[in-house]
Amino acid sequence: MKYIWQNYSAENDFYIDEKPLSPYLEIGHATTKKIGVNPIPRFWEIFSPLFENPQAPKFEQLENCLLHYLAQLDLKSGIHLSSILERKLDAEICAEFYGEKARQLYLSLNENERRKFLIYLQRHEAAQGLQIFFFEAVLQFFPMTKFYFYEWEQKFLFCIPARYSEHNEKILELLIFFLFDMGANYEIFWNCHFGIIDAEETMKLDELVIY
């Protein structure tokens, strides 16, 4: 989907596209500066009078000026592609596109936590599902988390320096559900570390678990 605010330039020559490629696409036909705009998705109330009378004179210059105004209004209102994609993902999760469990986990987060999660889910989607943002996302929610891969048992170990709570567990479960390799094994350690031989900083009495 393309919008009039994307790659905006004062030199753009906007016009109302009377034969859009799709009723859902805002921008269809476009050359370097000549851009056809489909008013149906967002601007129908503004431009519908132009379609009521096919014999009415066209006002190309007025259309161009008005669309420039709307594009700049979008930009000043903070509308950008990432926000649109976040809203789309939010709507899909709430509509149970990913199942009821995913919806419940997502809704258990507060507004700020959801926004933070959606940023990484959006990146995950853009990377076509590659599991490259999971560890970064966990660190955003639980700073100083340590990750290890235990080759003997072929599983990941997550040492999270936060006390266990039902809410924290739901955050991590949501991140694993969407961003982690679902076929991988893992074990979680809350608020403690396990001792690693020859790693003195991990060998602290009463602050480690034996693994």
Side-chain angles (χ1 to χ4, degrees), residues 1-8 21-22 24-28 30 41-42 71 74-75 77-194 211:
M1 174 73 82
K2 292 184 178 181
Y3 299 87
I4 58 175
W5 51 264
Q6 288 179 260
N7 301 316
Y8 175 77
L21 296 175
S22 166
Y24 306 104
L25 296 178
E26 186 164 305
I27 301 293
R42 294 200 295 155
D74 271 352
L75 290 170
S77 299
I79 301 299
H80 50 81
L81 186 58
S82 60
S83 295
I84 293 171
L85 292 176
E86 286 171 17
R87 293 174 187 174
K88 174 178 176 291
L89 289 170
D90 174 87
E92 289 179 349
I93 295 172
C94 292
E96 299 185 15
F97 279 33
Y98 303 92
E100 171 60 20
K101 181 179 179 180
R103 176 180 176 275
Q104 291 180 353
L105 290 172
Y106 177 72
L107 293 179
S108 71
L109 275 60
N110 62 43
E111 184 176 350
N112 183 55
E113 290 169 338
R114 290 182 203 170
R115 175 69 190 281
K116 193 184 300 185
F117 164 71
L118 288 174
I119 290 173
Y120 285 96
L121 181 57
Q122 181 190 150
R123 295 177 183 175
H124 176 78
E125 295 284 316
Q128 299 181 345
L130 294 177
Q131 282 79 32
I132 58 178
F133 296 109
F134 171 75
F135 301 106
E136 185 179 342
V138 172
L139 287 170
Q140 283 293 314
F141 284 92
F142 306 107
M144 305 303 292
T145 294
K146 301 293 184 182
F147 306 97
Y148 303 93
F149 184 69
Y150 186 33
E151 293 187 10
W152 182 259
E153 295 185 5
Q154 291 292 298
K155 70 178 178 181
F156 290 91
L157 308 176
F158 308 149
C159 294
I160 302 176
R163 292 193 177 278
Y164 170 83
S165 69
E166 185 176 343
H167 184 69
N168 284 342
E169 183 182 43
K170 288 181 178 179
I171 291 175
L172 187 59
E173 191 174 356
L174 183 71
L175 296 177
I176 291 172
F177 182 89
F178 279 96
L179 305 177
F180 194 56
D181 183 353
M182 298 301 290
N185 295 320
Y186 61 89
E187 188 169 350
I188 303 167
F189 298 86
W190 292 97
N191 199 37
C192 61
H193 204 290
F194 48 81
Y211 184 77

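As the structure is a computational prediction, the values presented were derived from the model and not from experiment.
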Verdict with supporting geometry, Leu121 and Glu92, side-chain contact (heavy atoms from CB on, under 4.5 Å):
CA-CA 12 Å; Leu121 181 57; Glu92 289 179 349; over 6 Å; no
Indicate whether the side chain of Gln104 and that of Glu100 have a donor and an acceptor atom separated by less than 3.5 Å.
yes
Is there a side-chain contact between [X] and [Y] in this structure, where contact means two heavy atoms from C-beta onward sitting under 4.5 Å apart?
X      : Y      : value
Thr145 : Pro161 : yes
Gln140 : Leu175 : no
Tyr150 : Glu187 : no

For Tyr164 and Ile188, what are the C-alpha separation, side-chain angles and deciding distance, and is it a side-chain contact (heavy atoms from CB on, under 4.5 Å)?
CA-CA 10 Å; Tyr164 170 83; Ile188 303 167; over 6 Å; no
For Tyr186, is the OH atom crowded, meaning more than 12 foreign heavy atoms sit under 6.0 Å from it?
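Atom OH in Tyr186 is not crowded, with 12 or fewer foreign heavy atoms closer than 6.0 Å.
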If the test is side chain to side chain contact (heavy atoms under 4.5 Å, CB included), which one of Phe189, Phe147, Phe142 qualifies with Ile160?
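So the option named by the test is Phe142.
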Could you give the distance from [atom1] ([X]) to [atom2] ([Y]), rounded to the nearest 0.5 Å?
X      : Y      : atom1 : atom2 : answer
Tyr120 : Phe141 : OH    : CZ    : 8.5 Å
Leu89  : Arg114 : CG    : CZ    : 14.0 Å
Glu26  : Trp5   : CD    : CH2   : 9.5 Å
Leu85  : Ile119 : CG    : CD1   : 12.0 Å
Gln122 : Asp90  : CD    : CG    : 12.5 Å
Leu174 : Leu109 : CG    : CG    : 6.0 Å

Is any side-chain N of the basic residue among Glu111 and Arg115 closer than 4.0 Å to the acidic one's carboxylate O?
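No salt bridge links Glu111 with Arg115.
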If you take all heavy atoms of Ala162 and Asn168, which pair is closest and at what distance?
CB-ND2, 4.3 Å
Could you list the donor-acceptor pairs under 3.5 angstrom formed between side-chain atoms of residues 178-185 and any protein atom two or more places apart in sequence or on another chain?
unit_1 : atom_1 : unit_2 : atom_2 : d
Asp181 : OD1    : Gly183 : N      : 3.0

Using the side-chain hydrogen bond (donor to acceptor under 3.5 Å, both in side chains) criterion, which residues pair with Tyr8? Sequence neighbours excluded.
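With sequence neighbours excluded, Tyr8 shows a side-chain hydrogen bond (donor to acceptor under 3.5 Å, both in side chains) to His68, Gln72, given in chain and number order.
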Would Phe117 and Ile171 count as a side-chain contact (heavy atoms from CB on, under 4.5 Å) here? Give the steps.
CA-CA 9 Å; Phe117 164 71; Ile171 291 175; over 6 Å; no
Closer than 3.5 angstrom, by distance alone: can the side chain of Arg103 be matched with the main-chain N or O of Ile93 as a donor-acceptor pair?
no
Residue of the set Trp190, Phe134, Tyr148 for which ring-ring contact (aromatic ring centres under 6.0 Å, His included) holds with Phe158:
Phe134
What verdict does the side-chain contact (heavy atoms from CB on, under 4.5 Å) test give for Gln154 and Phe149, after you've listed the backbone C-alpha separation in whole Å, the side-chain angles of each residue and the deciding distance to 0.1 Å?
CA-CA 7 Å; Gln154 291 292 298; Phe149 184 69; 3.6 Å; yes
